[in-house]
Participant: 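Structure below; questions to follow.
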Protein chains: 2
Amino acid sequence: MDDLTEMLKGTLEGCVLEIIGSEETYGYAITRRLNELGFADVIEGTVYTILLRLERNGLVQVTKRPSGVGPPRKFYALNDAGREELAKFWAKWQYLSSRIDMLKEGGR
Amino acid sequence: MDDLTEMLKGTLEGCVLEIIGSEETYGYAITRRLNELGFADVIEGTVYTILLRLERNGLVQVTKRPSGVGPPRKFYALNDAGREELAKFWAKWQYLSSRIDMLKEGGR
DNA sequence: TGCCAGTACTATGTGGTACCAGGTACCGCT
DNA sequence: AGCGGTACCTGGTACCACATAGTACTGGCA
């Protein structure tokens with residue numbers, strides 16, 4: 001698939017929120033999950049910047065835990081603000097995608 | 001609706017391409033069309049920057065015509081490269097939206 | 001023991017895009 | 001002459017995904 005980076009702006013963060021919301025997890029695993037979901041070109045650095053942003057914006061609760069197979073992991077879970085943000089993301093996504101699909105169907 | 005600007009990145013240009021592709025038209029009218037399609041906050045300046053970019057990238061053919069109700073209009077039509085770009089846009093959109101919907105359905 | 005691959009996170013800088021703010025200019029009507 | 005509607009352009013800003021480089025912990029292998 002062609003380069004999706006521009007299209008991912010605004011949506012990738014929502015995807016990360018959704019992944020965190022479904023299960024407490026950490027950056028490295030999130031990257032792998034995104035890759036297997038079809039976001040093949042998303043790279044670790046990108047995910048970490050998103051995670052730091054989420055933390056800075058107070059949307060997640062962070063817990064550091066030792067790993068056994070490497071350095072300690074930072075596990076992320078959504079807090080109330082995060083869940084609210086996630087709901088907003090899906091509302092926006094549905095709004096946008098419905099409009100785009102309308103446009104595609106020649107909606108006039 | 002909340003602020004969509006980040007989510008529009010990469011898609012708004014495709015929307016403009018689609019509108020131009022369905023009918024030769026001009027900036028002011030494109031803005032109105034986007035607004036009535038539900039992209040309520042998209043403003044003229046944004047559309048013009050997109051149109052200039054399309055022109056610079058050789059995706060459109062431009063024709064200036066007098067208006068009768070104001071200054072002359074710059075009409076835009078897709079050329080072959082533009083139609084190709086539009087097809088690519090829809091492919092990317094479908095790819096992305098299908099993955100996002102999979103994620104939403106808890107696709108694992 | 002030394003080295004390497006895999007795991008895991010951080011920091012800085014870049015490019016692209018939508019948006020903002022302000023400006024220019026043409027037209028018809030009052 | 002002034003004003004609202006039409007129509008376009010431009011310089012600057014903010015934000016985001018991405019690139020790049022660096023740090024650091026673990027286990028396996030020669």
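Side chains are part of it too, since the values below use all heavy atoms of this structure and drop only hydrogens, waters and symmetry mates. Residue numbering restarts at 1 for every chain, and letters A, B, ... go by the order of the sequence lines.
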Participant: What is the distance, rounded to the nearest whole Å, between atom CD1 of I30(B) and atom P of dT6(D)?
Facilitator: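 Distance check: I30(B) CD1 to dT6(D) P gives 16 Å.
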
Participant: Find the distance Y28(B):OH to dG4(D):P and express it as a whole number of Å.
Facilitator: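 Computing the Y28(B):OH to dG4(D):P distance gives 14 Å.
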
Participant: What nucleotide among dC16(D), dT7(C), dC19(C) has an atom nearest to a side-chain atom of V42(B)?
Facilitator: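 Between dC16(D), dT7(C), dC19(C), the one nearest the side chain of V42(B) would be dC19(C).
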
Participant: Whole-Å distance between dC16(D) P and D41(A) CG?
Facilitator: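 Value for this atom pair: 21 Å.
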
Participant: Using heavy atoms and a sub-4.0 Å distance, could you list which residues of residues 78-91 of chain A are near DNA chain C? By number, please.
Facilitator: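 Going residue by residue through residues 78-91 of chain A, none turns out to have a heavy atom under 4.0 Å of DNA chain C.
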
Participant: Report whether M102(B) and L86(A) are members of the same hydrophobic cluster (ILVMFWY, side-chain heavy atoms less than 4.5 Å apart, transitive linking).
Facilitator: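 Same cluster: M102(B) reaches L86(A) through Ile, Leu, Val, Met, Phe, Trp or Tyr contacts under 4.5 Å.
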
Participant: Is it the case that one hydrophobic cluster holds both V62(B) and L78(B), taking links as side-chain heavy atoms less than 4.5 Å apart, direct or via other members?
Facilitator: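 They do share one cluster, since a chain of ILVMFWY contacts under 4.5 Å joins V62(B) to L78(B).
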
Participant: Between R65(B) and E24(B), is the salt bridge (charged side-chain N to carboxylate O under 4.0 Å, His left out) condition met? List the steps.
Facilitator: CA-CA 12 Å; R65(B) 298 212 187 92; E24(B) 191 188 38; 3.3 Å; yes

Participant: What does the B/S/- profile of nucleotides 24-30 of chain D look like, 5' to 3', with a 4.0 Å heavy-atom cutoff to protein?
Facilitator: BBS----

Participant: Would you mind classifying the nucleic acid contact of E44(B) as base, sugar-phosphate or nothing, using non-hydrogen atoms under 4.0 angstrom?
Facilitator: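 Base, at least one base heavy atom under 4.0 Å.
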
Participant: Within this structure, what is the CD1-CH2 distance for the pair I100(A) and W93(B), rounded to the nearest 0.5 Å?
Facilitator: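 Going from CD1 on I100(A) over to CH2 on W93(B), the span is 4.5 Å.
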
Participant: Once rounded to the nearest 0.5 Å, what's the spacing between atom OG1 of T25(A) and atom CZ of F75(A)?
Facilitator: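 So the OG1 of T25(A) and the CZ of F75(A) are separated by 6.5 Å.
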
Participant: Would you tell me if any nitrogen or oxygen in the side chain of R32(B) comes within less than 4.0 Å of OP1 or OP2 on dA7(D)?
Facilitator: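 No, R32(B) has no side-chain N/O under 4.0 Å of OP1/OP2 on dA7(D).
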
Participant: Does any N or O in the side chain of N79(A) come within less than 3.5 Å of the main-chain N or O of G58(A), such that one atom is a donor and the other an acceptor?
Facilitator: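 The answer is yes, because a donor-acceptor pair under 3.5 Å joins these two groups.
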
Participant: By the side chain to side chain donor-acceptor pair (under 3.5 Å) test, which pairs, at least two apart or in different chains, include something from residues 38-55 of chain A?
Facilitator: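 Residue pairs passing side chain to side chain donor-acceptor pair (under 3.5 Å), neighbours aside: E13(A)-R53(A), E55(A)-K74(A).
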
Participant: Hey, which of these two, T49(A) or K74(A), hits DNA chain C nearer its 5' end, going by closest nucleotide?
Facilitator: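 Result: K74(A).
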
Participant: F39(A) and side chain to side chain contact (heavy atoms under 4.5 Å, CB included): which partner among V47(A), T11(A), L34(A)?
Facilitator: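 Going through the options one by one, the only one that passes is L34(A).
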
Participant: Taking the nucleotide of DNA chain C with the nearest heavy atom to each, does R73(A) or G45(A) sit closer to the 5' end?
Facilitator: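 Mapping each residue to its closest nucleotide by heavy atoms, the 5'-most match is R73(A).
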
Participant: dC8(D), OP1 or OP2 - any side-chain N/O from Y26(B) closer than 4.0 Å?
Facilitator: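 No.
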
Participant: Does S67(A) put a side-chain nitrogen or oxygen below 4.0 Å from OP1 or OP2 of dA8(C)?
Facilitator: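 Answer is yes, contact under 4.0 Å.
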
Participant: Specify the separation, in whole Å, of atom CD of E6(A) and atom C1' of dC18(D).
Facilitator: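 About 10 Å, once rounded to whole Å.
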
Participant: Just N and O in the side chain of Y48(B): are any of them under 4.0 Å from OP1 or OP2 of dC9(D)?
Facilitator: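 No, no such contact exists.
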
Participant: Could you state the atom-to-atom distance from CG of L8(A) to P of dA19(D) in whole Å?
Facilitator: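 Rounded to the whole Å, the gap is 12 Å.
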
Participant: Regarding dC15(D), can its base be found pairing with the side chain of K9(A) as donor and acceptor, where the two atoms are less than 3.5 Å apart?
Facilitator: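 Absent.
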
Participant: Check every strand shown and say whether L51(A) touches a base, only sugar-phosphate, or nothing at a heavy-atom separation below 4.0 Å.
Facilitator: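 Result for L51(A) = nothing.
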
Participant: Nearest-nucleotide wise, let me know which of T46(B) and R53(A) is further upstream toward the 5' end of DNA chain D.
Facilitator: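 Here T46(B) is the residue nearer the 5' end.
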
Participant: Between D3(B) (CG) and dC15(D) (P), how many Å, whole number?
Facilitator: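 These atoms are roughly 10 Å apart.
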
Participant: Roughly, in whole Å, what's the span from CD1 in I50(B) to C1' in dC8(D)?
Facilitator: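 That distance rounds to 15 Å.
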
Participant: How long is the span from the CZ atom in R33(B) to the CG atom in L103(A), to the nearest 0.5 Å?
Facilitator: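 Here the interatomic distance stands at 7.0 Å.
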
Participant: Expressed in angstrom and rounded to an integer, what is the separation of L12(B) atom CG from dT17(C) atom C1'?
Facilitator: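 Going from CG in L12(B) over to C1' in dT17(C) covers 9 Å.
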
Participant: Any salt bridge between K104(A) and D101(A), counting N to O under 4.0 Å?
Facilitator: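 Not counted as a salt bridge, because no side-chain N and carboxylate O are separated by less than 4.0 Å.
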
